[in-house]
Structures are given as structure tokens and as C-alpha cells.
Amino acid sequence: MRHFLTLKDYSKEEILDIIELSIKIKKETKSKIFKQYMPMQTLGMIFEKSSTRTRVSFETGIYQLGGVGLFLSSNDIQLGRGEPISDTSRVISRMVDMIMIRNDSQKELEEFASYSKVPIINGLTDKFHPVQLMADYLTIVENNLQNNLKVAYIGDGNNMTHSWLMLASKLGFDLSIATPKGYEVDNDILKQALEFAKVSGATITTSYNPKEAIRNATVVTTDTWISMGQEDEKEKRIKDFNGFIVDEELMNKADKKAIFLHCLPAYRDFEVSSEIFEKHSEVIFSEAENRLHVQKGIMVWLDKQID
Ligand code: CP
Ligand code: NVA
């Protein structure tokens, strides 16, 4: 049995295998063919934080695969009142077939997984957002940008940036990250990525210079400056991120055919200008839709790994 907690645990071949499976399932879905890959299976979906895309895509996805999604807000289950993770995991995993969790702690997610009888999927933690990166990569492939790929990430060194580090270092593409001082990526995650990059041939650079990072990029991406749980830091962050907006002037330094990706929700005229967002909205909303397709691929793939 496998979990999907971080791309750190996945090889290049496995990542590409899941992408290929997702493309196949997406084609079937677009032709209104809903193969029952997971009949009668229940996906438990534990949310400690808000969500639009993750909830709708997982719930719709498991339904289209023949199963059912169970939305479990941590406010409504005993976990929110202090029932231990170990007990919650041992109980829920005896009743459902797969569990998706969105919480504030990768450590707690891993603890939950260590007690679980069924596969656990990371639906975002403080450290990683791997299902989003799979959707982003599917979008890159659909735009035929996977060869000589150069991604520029401009913004906060957060769960999205860490996931880009894992994807790039596993698949072997170039990634340039520019953050303001004080908002760098986690050093241990960066070190791991640099180790993986030695094997895959990825070039990974970090700097404080968005203009340098974006040069010749074929994919430009960013994320909110204020992640969930950081609302108290809003004013300070807005000041500290001055100069990190992805606007026309910055985007002009990327490759002429570069696409712009955003995991959403997007805050216009903070991390991205309204003009750039609207100009690239078709790709951005395909990226959001790809959450549905890629997560179906991930669920079917994980289900196949169970002995
Ligand atoms: N991108 C993403 O995970 O969106 P939600 O927070 O709406 O799920
Ligand atoms: N970095 C953001 C991603 C939202 C999908 C957050 O953690 O809130």
C-alpha cells in the first residue's frame, strides 16, 4: 500500500505513470465514459482548513469513479475536540477505503498515515501541496511545454514552492525561485531537492531577484503572499513583498510563449496583476479543472497498489 503525502516519496517514473493514467481517465471523462474504477469505495475527506477546489474535485472525482466522498470538517468530528490522531486514523481507516486530509502539519499528516490501514492523500499541509503540483504538471504537458521546461516561481517560499522543488528535482527540469528576504524556502527541503537534482539533472536556483529568476522562463507561477493561517501578518507581508507582483513588465522578461499558472485562490494586484491573470485565465482555469482529472488518476493508481 502507498500513501500520497509528498512527491519526495515518488520516483520520476511513478509521477509520469500517474500523469499518463490521469490523461487516459480525463479523455474517458470528456467522452462521458465513467468507468467504475472504484465501485462502492468511500473516500474520507478531512478538512481542518477551507477549500473550494480540493473539496469539489475530490468529491466529484470519487463519485465519477463509482464511489462516494465523505466530507469531514475537523470542527464536526472529535479530532477537533482533542481525540488523538492515532485513534481517529485507526477508526476512520477501518470504515473507508482511502482518506484525503488537509491540515496544518505535515508531521501530523504523516502520523495519521502511520496508523492508517488505507492510503492517505495530502490535500495541503504547511509544507506541501502535491496534488496541486500534479495538476500543474498535467497542464504543462497539455501545453506541450514539458521539454526544456524552465519554471520561475516568484513569491513566498511556502507549501507550493516546496512542492515545485520536489517536482523539479524529481523530473529534472529547471526551477528558479525568487522570494523576498525572510521568506525563503525551508532549508531542509531545499537540501533534499538539491540531492534529488544531482540524479535527475535539474537546475535549481534561489534568489531575491524576480527579474533574474523569470528570465527565459517557459512557465511562470506564483501563489498568495498570505497563506491560510497567516492572516495576522497581512500588512507586514504586503510591504515585504513589494516588487514581487507578476505584472506585464516582469512577464515580458519571460519566454514570449510562457504560460502563467496559479493554484488559486488568486489575489489580483497583489501577487499577480489583473491584466496578467485575465490574459492567462484560460490556462489557469484548465489548471484548476485538472485537479479533478489528476486526483482521479492518483486515487485509481493508489487503489491499484493495494495488495
Ligand atoms: N488550490 C487549492 O488547493 O484550492 P482550494 O484551497 O480551494 O482547495
Ligand atoms: N499557500 C496557500 C495555498 C492555497 C491553495 C495556502 O497554504 O493557503
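When a ligand or atom number is given, it counts from 1 through the structure's own listing order.
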Can you find a pair of side-chain heavy atoms, one from Ile19 and one from Met134, that are under 4.5 Å apart? yes
Hey, are the side chains of Ile276 and Val220 touching, using non-hydrogen atoms and a 4.5 Å cut-off? no
Run the numbers for me: atoms of ligand 1, each under 4.0 Å from some heavy atom of Arg102, listed by number. 2 (C), 3 (O), 5 (P), 6 (O), 8 (O)
Atom 7 (O) of ligand 1: which protein heavy atom is closest, and how many Å away? Thr52 N, 2.6 Å
Below 30° counts as parallel, above 60° as perpendicular, anything between as tilted: where do the rings of His162 and Phe128 land? perpendicular
Leu264 contact mode with ligand 2 (heavy-atom cut-off under 4.0 Å): backbone
Over 60° means perpendicular and under 30° means parallel, so tell me whether Tyr183 and Phe241 are parallel, tilted or perpendicular. tilted
Side chain proximity check, Phe196 to Leu165, heavy atoms < 4.5 angstrom: no
Determine whether any heavy atom of Arg55 lies closer than 4.0 Å to an atom of ligand 1. no
What I'd like to find out is whether the side chain of Arg2 reaches to under 4.5 Å of the side chain of Tyr10, using heavy atoms alone. yes
For Met228 and ligand 2, does the shortest N/O to N/O distance drop below 3.5 Å? yes
Can an N or O of Leu264 be found at a distance shorter than 3.5 Å from an N or O of ligand 1? yes
To which protein heavy atom is atom 2 (C) of ligand 1 closest, and what is the distance rounded to 0.1 Å? Arg291 NH1, 3.3 Å
Output the list of atoms in ligand 2 that are nearer than 4.0 Å to some heavy atom of Leu124, sorted by atom number. 3 (C), 4 (C), 5 (C), 7 (O)
Of all the atoms in ligand 2, which lie at a distance below 4.0 Å from a heavy atom belonging to Asn159? 1 (N), 2 (C), 6 (C), 7 (O)
Quick check on Asn252: does its CG atom have over 12 non-hydrogen neighbours (other residues, nucleotides or ligands) under 6.0 Å away? yes
Short N or O distance, His129 and ligand 2, threshold 3.5 Å exclusive: no
Could Glu48 and Arg102 be called an ion pair, given the rule that one side-chain N must be under 4.0 Å from one carboxylate O? no
So, does Lys49 sit close enough to ligand 1 that a heavy atom of it is under 4.0 Å from the ligand? no
Does the side chain of Ile99 reach to within under 4.5 Å of the side chain of Ser93, using non-hydrogen atoms? yes
Protein contact to atom 4 (O) of ligand 1 [nearest heavy atom, distance to 0.1 Å]: Arg53 NE, 2.8 Å
Are any of the N/O atoms in Leu124 less than 3.5 Å from those in ligand 1? no
Mind checking whether Ser227 has an N or O less than 3.5 Å away from an N or O of ligand 2? yes
Option nearest atom 3 (O) of ligand 1 (shortest heavy-atom distance, choices His129, Gln132, His262): His129
May I ask you to decide if the ring planes of Phe71 and Phe47 are parallel, tilted or perpendicular, using 30° and 60° as cut-offs? tilted
Nearest heavy atom to atom 3 (C) of ligand 2 wins, so pick from Asp223, Asp156, Asp126, Ile226. Asp223
